[in-house]
Amino acid sequence: QLQLVESGGGLVQPGGSLRLSCAASRFIIDYYAIGWFRQAPGKEREGVSCISRSGGSTNYADSVKERFTISRDNAKNTVYLQMNSLKPEDTAVYFCAATDVTYDGRCRGLETTEFTSWGQGTQVTVSS
């Protein structure tokens, strides 16, 4: 069974930065596109970003474009989400997820239904 573990969340002031990590075990992430999602209290889970199997193609939600950067290090079996210029509305539990259903390795989109294996999440709180 695929296993993903998120880390790097925490409390940060508005305008600050955090880097989340998504470490995979029991499988090799080279074969999977990896997405980041978030869920705020009382809201549905939404897609944030996705990276292709090779790392050459990325997708972002409009709300995080030019502030967040997704990357992957397949040698370390890890995907990262660098979050800059954080806003209070970025407060949520952040999840990473894997899918082997791709467009020639590229993400099909940021719909939760496209992804089959999920981590447990890490809390990000942006507050002064």
Side-chain angles (χ1 to χ4, degrees):
Q1 183 178 354
L2 310 185
Q3 185 172 19
L4 297 165
V5 179
E6 304 91 339
S7 62
L11 173 64
V12 63
Q13 292 186 343
S17 298
L18 283 175
R19 188 177 80 156
L20 305 183
S21 297
C22 172
S25 61
R26 302 182 185 176
F27 70 103
I28 300 173
I29 65 167
D30 302 46
Y31 301 110
Y32 296 84
I34 305 293
W36 282 99
F37 297 79
R38 65 186 182 186
Q39 188 166 18
K43 294 188 177 181
E44 292 188 354
R45 192 169 298 188
E46 63 175 357
V48 174
S49 183
C50 184
I51 189 166
S52 64
R53 288 168 49 185
S54 69
S57 174
T58 57
N59 299 4
Y60 295 95
D62 288 343
S63 59
V64 305
K65 280 181 180 177
E66 299 184 9
R67 298 190 299 123
F68 290 11
T69 303
I70 191 170
S71 61
R72 66 191 295 159
D73 185 340
N74 287 350
K76 294 184 178 180
N77 233 26
T78 302
V79 173
Y80 305 97
L81 185 68
Q82 178 66 43
M83 306 186 297
N84 298 329
S85 302
L86 283 162
K87 305 175 181 180
E89 51 263 44
D90 294 318
T91 295
V93 178
Y94 283 70
F95 301 87
C96 63
T99 180
D100 59 359
V101 181
T102 64
Y103 288 134
D104 193 24
R106 292 175 288 115
C107 303
R108 289 165 55 99
L110 289 174
E111 297 296 324
T112 57
T113 52
E114 296 285 350
F115 293 78
T116 54
S117 298
W118 293 80
Q120 294 300 306
T122 184
Q123 176 71 47
V124 171
T125 302
V126 185
S127 174
S128 55

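Side chains included, hydrogens not; waters and symmetry mates left out as well; all remaining heavy atoms used.
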Query raised in the report: Is there a path of hydrophobic side-chain contacts, each under 4.5 Å between heavy atoms of I, L, V, M, F, W or Y residues, that connects F68 with V124?
Result: yes

Report task. Measure the spacing between CG of L81 and OH of Y94 and express it to the nearest 0.5 Å. Result -> 7.5 Å

Query raised in the report: Given the rule that I, L, V, M, F, W and Y join up when any side-chain heavy atoms are under 4.5 Å apart, are I51 and F37 in one cluster?
Result: no

Report task. Indicate the ring-plane relationship of F95 and W118, choosing parallel, tilted or perpendicular according to the 30° and 60° boundaries. Result -> perpendicular

Query raised in the report: Is there a donor-acceptor pair closer than 3.5 Å between any side-chain N or O of T91 and the backbone N or O of V126?
Result: yes

Requested in this report: Can you measure from OG (S127) to CG (D90) and round to the nearest 0.5 angstrom?
Outcome: 12.5 Å

Query raised in the report: Does any N or O in the side chain of Y60 come within less than 3.5 Å of the main-chain N or O of I70, such that one atom is a donor and the other an acceptor?
Result: yes

**Report entry** Heavy-atom closest contact (F115 atom, G35 atom, distance)
**Finding:** CE2-N, 3.5 Å

Query raised in the report: Mind checking whether W36 and L18 sit in one hydrophobic cluster, side chains of I, L, V, M, F, W, Y counted as touching below 4.5 Å?
Result: yes

**Report entry** Atom of R106, atom of T102 and distance for their closest heavy-atom approach
**Finding:** O-CB, 3.1 Å

Query raised in the report: According to a 4.5 Å side-chain heavy-atom criterion applied to Ile, Leu, Val, Met, Phe, Trp and Tyr, with indirect links allowed, do Y31 and Y103 form part of one hydrophobic cluster?
Result: no

Query raised in the report: With sequence neighbours excluded, what pairs up with Q120 under the side-chain hydrogen bond (donor to acceptor under 3.5 Å, both in side chains) test?
Result: none

Requested in this report: Taking all heavy atoms of E114 and all of T99, pick out the closest pair and write down the distance.
Outcome: O-OG1, 2.8 Å

**Report entry** Side chains of C50 and L110 in contact at under 4.5 Å (non-hydrogen atoms)
**Finding:** yes

Query - Approximate separation, where rounding is to 0.5 Å, of S49 OG and I34 CD1 - result: 11.5 Å

**Report entry** Gap between atom NZ of K87 and atom OG of S63 - 0.5 Å precision
**Finding:** 8.0 Å

Query - side-chain hydrogen bond (donor to acceptor under 3.5 Å, both in side chains) against Q82, all qualifying residues, sequence neighbours excluded - result: N84

Query - Contact summary for P14 and S128, nearest pair of heavy atoms - result: CD-N, 3.7 Å

Requested in this report: Of all the heavy-atom pairs spanning R38 and A92, show the shortest one and how long it is.
Outcome: CB-CB, 3.8 Å

Query raised in the report: CZ/R67 to CG/L86 distance, rounded to the nearest 0.5 angstrom?
Result: 6.5 Å

Requested in this report: Grab the two heavy atoms, one from T122 and one from G8, that are nearest each other, plus how far apart they are.
Outcome: OG1-N, 4.3 Å

Query raised in the report: Would L20 end up clustered with V12 when hydrophobic side chains under 4.5 Å apart are linked, directly or stepwise?
Result: yes

Query raised in the report: Between the side chain of S52 and the main-chain N/O of C107, is any donor-acceptor distance below 3.5 Å?
Result: no

Query raised in the report: Distance from M83 atom CE to R19 atom CZ, nearest 0.5 Å?
Result: 11.5 Å

Query raised in the report: Is the number of heavy atoms from other residues, nucleotides or ligands under 6.0 Å of E66 CD greater than 12?
Result: no

Query raised in the report: Short question: side chain of N77, backbone of I29 - any donor-acceptor pair under 3.5 Å?
Result: yes

